[in-house]
Participant: 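Quick one: structure below, then a few questions.
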Amino acid sequence: MSERAEIFRPGQDGYTEACRVFNLAAPVRPAAATVARTPGQVRDAVRMAEAAGLGVRVQATGHAAGAARPMQDALLVRTELAGTVEVDPDRRRARIPAGTLWGDVVDAVTPHGLAAPHGSAGTVGAVGYLLRGGLSFYGRWSGLAVNSVRAVDLVTADGELRRVDDVTDPELFWAVRGGGGGFGVVTAVEIELFPVAGVVTGAAFWPVRHASRLLKEWQAWTADAPAQASTSVRVMNLPKVPEVPPELSAGPVVCIDGVVLAETAADTPVTERLAEDLLGPLRAVAEPLIDSWQPTELRAVLQAHLDPPDPVPFLGDHFVLGDIGDDGAGEFLRLVDAEAPSPLVAVGLRQLGGAYAHPDPLGGALSHVDGSFAFSTSGAPGLTGTREEIELRCATLRDRLAHWDTGTTVPSFVEDHRAPQRHLDEPSLATVDRVRDRIDPEGLFAGDVMPGSTAR
Ligand SMILES: Cc1cc2nc3c(=O)[nH]c(=O)nc-3n(C[C@H](O)[C@H](O)[C@H](O)COP(=O)(O)OP(=O)(O)OC[C@H]3O[C@@H](n4cnc5c(N)ncnc54)[C@H](O)[C@@H]3O)c2cc1C
């Protein structure tokens, strides 16, 4: 394979493919774009961008295209690095080429009785998710996904390919893990895996009229829920499309989904009892419209959240909530119940706590999350409402929940680069700035820095 990068300008064949994004509501239009399949092509692209006076931007799937700043002065490097996921079962390690989707990582690691800290969708790129924190349905057990990263192969602004770990460059290794981006183009990551023998996973849906009692039961359960369980609750207005069962698109529904894991086969009976502690009281509220929760194999975790398999337009908001108590839950319900039909497809709370709350002594810039729930909203412009209607509803929700807003965000959940974001404290911001100054003195990657990830 040639080590030369093939650069496409707008209008040239190849430009559209290189700029493909999963989020169809956030098209990207860089000055030029390339698809990199080897580290050599990445190095060539970085050098060509610098020579042409362009910045460098990075993307794999474009799931986070809405969170990306405009790219008109940049060369976009789409990472589709050749190679497969290499698993070392004895060391519980996986080496993942940049551009690999989580679905492919799961396929590679599960035959070894191991799990990776992936999120709800197999279509998300492993590298972008990991660098931005990563909230996994195993996360209350295994912590923020970024803590699993043990080494990063990175092409920096000088065009050099470096293997960065806690020995070769501990400061850069610290910064790249959750520091907010702008350090270079990652060509591969090495992550630590963890043993999982089986799961109880799925999603249950009820008509929204049961929302109040369901939320009360779920909230009471979350107060001292076991770390083996990671769940979410969403109020959803699902569109009437063939992929959605008609009983779920007949009106607003409440969905409670997630995972309860068994670390070893011997833990399976305990796991099933823990799942019953969660599901029993919920099922007693009312019979679900659909209930797919069941003991099953690990790959099913990627189906539990029912994320769209193909590119869709979406637009939303996110922030971390503290303990919402009865008042916050009441406000949440009042807002999601208030007016129908809603322009939002989903308004949700992802359960935090457990291992998410513990700083990792070996971790990077972001290694834990303070807060009780990751709040998120999402609408589909053109399908569930106009862009303006969706933005207005997101702003109303943000306003009304301000009392419980911790003022922080999880970078992988941020959907809009214009929204307030903050995930690092002041000393950490000063350190990531210092690392960027050292590693990228001319600011070649400055456009890739997430807003709120710099003290400047
Ligand atoms: C359907 C769906 C489900 C999701 N589920 C979850 C979930 O369960 N938990 C969760 O935490 N998040 C979830 N997300 C959010 C997702 O983790 C983020 O959007 C993540 O940033 C996507 O990474 P990507 O590489 O696929 O996306 P991209 O948009 O391609 O990349 C996002 C950013 O990552 C950086 N990046 C990507 N590749 C590289 C590279 N090779 N080198 C350097 N930087 C790079 C760049 O800054 C880029 O702008 C979900 C999103 C969607 C749309």
Side-chain angles (χ1 to χ4, degrees), residues 18-26 28 30 36 39 42 45-46 56-69 71 74 76-81 96-103 117-139 144-146 152-156 176-189 230 232 257-259 301-302 304-316 318 345-346 348 350 352 356 366 369 374 376 378 380 409-417 445-450 453:
C19 296
R20 204 157 37 89
V21 288
F22 188 88
N23 183 356
L24 301 179
V28 295
V42 174
V46 167
V56 180
R57 304 296 298 275
V58 199
Q59 188 168 276
T61 66
H63 275 72
R69 302 173 203 246
M71 305 185 180
L76 174 65
V77 179
R78 183 184 179 90
T79 50
E80 285 187 9
L81 277 284
I96 306 171
T100 306
L101 308 184
W102 276 121
H118 59 82
S120 58
T123 57
V124 166
V127 169
Y129 165 99
L130 286 166
L131 299 182
R132 293 188 167 190
L135 294 180
S136 166
F137 268 151
Y138 299 119
L144 269 183
V146 64
V152 172
D153 290 357
L154 183 73
V155 174
T156 44
V176 81
R177 289 177 295 158
F183 303 101
V185 183
V186 172
T187 58
V189 288
S230 303
S232 82
D257 61 3
V259 175
V301 175
L302 288 173
H305 206 58
L306 298 178
D307 285 319
D310 298 313
V312 283
F314 58 93
L315 182 66
H318 155 69
V345 180
R350 185 79 73 98
L352 298 175
Y356 283 132
L366 176 68
V369 188
S376 65
S378 189
T409 45
V410 179
S412 57
F413 257 42
V414 171
E415 285 193 3
D416 187 340
H417 66 95
F445 289 94
D448 228 26
V449 177
M450 294 186 84
S453 302

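Order of appearance sets the numbers: ligands from 1, and atoms from 1 within every ligand. Throughout, numbering of the chain's residues begins at 1 and tracks the sequence.
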Participant: Name the residues in contact with ligand 1, where contact means a heavy atom under 4.0 Å away: which are they?
Facilitator: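 For ligand 1, the residues that come within the 4.0 Å heavy-atom cutoff are Val58, Gln59, Ala60, Thr61, Gly62, His63, Ala64, Ala65, Thr79, Ala98, Gly119, Ser120, Ala121, Val124, Gly125, Val127, Gly128, Tyr129, Leu131, Arg132, Gly134, Leu135, Gly184, Val185, Val186, Asp307, Phe314, Arg350, Ser412, Phe413, Asp448.
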Participant: State which residues pass side chain to side chain contact (heavy atoms under 4.5 Å, CB included) with Ala98; sequence neighbours excluded, sorted by chain then number.
Facilitator: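 Applying side chain to side chain contact (heavy atoms under 4.5 Å, CB included) to Ala98 gives Thr79, Leu81, Val127.
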Participant: Taking all non-hydrogen atoms of both residues, which atom of Ala65 and which atom of Val28 are closest, and how far apart?
Facilitator: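 It is CB-CG1, 4.3 Å.
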Participant: For the residue pair Arg350 and Phe137, would you count it as a cation-pi contact if the rule is NZ or CZ under 6.0 angstrom from the ring centre and within 45 degrees of the ring axis?
Facilitator: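 The answer is yes, since Arg350 meets both limits relative to Phe137.
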Participant: Just checking, is any N or O donor in the side chain of Asp153 or Thr187 under 3.5 Å from an acceptor N or O on the other one?
Facilitator: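 The criterion, which ignores hydrogens and geometry beyond distance, is not satisfied for Thr187 and Asp153.
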Participant: Shortest non-hydrogen contact from Ala304 to Gly258?
Facilitator: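 Result for this residue pair: CB-O, 4.3 Å.
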Participant: Examine His63 together with Tyr129 and report whether their ring centres are nearer than 6.0 Å.
Facilitator: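 Distance test on ring centres: not under 6.0 Å, no.
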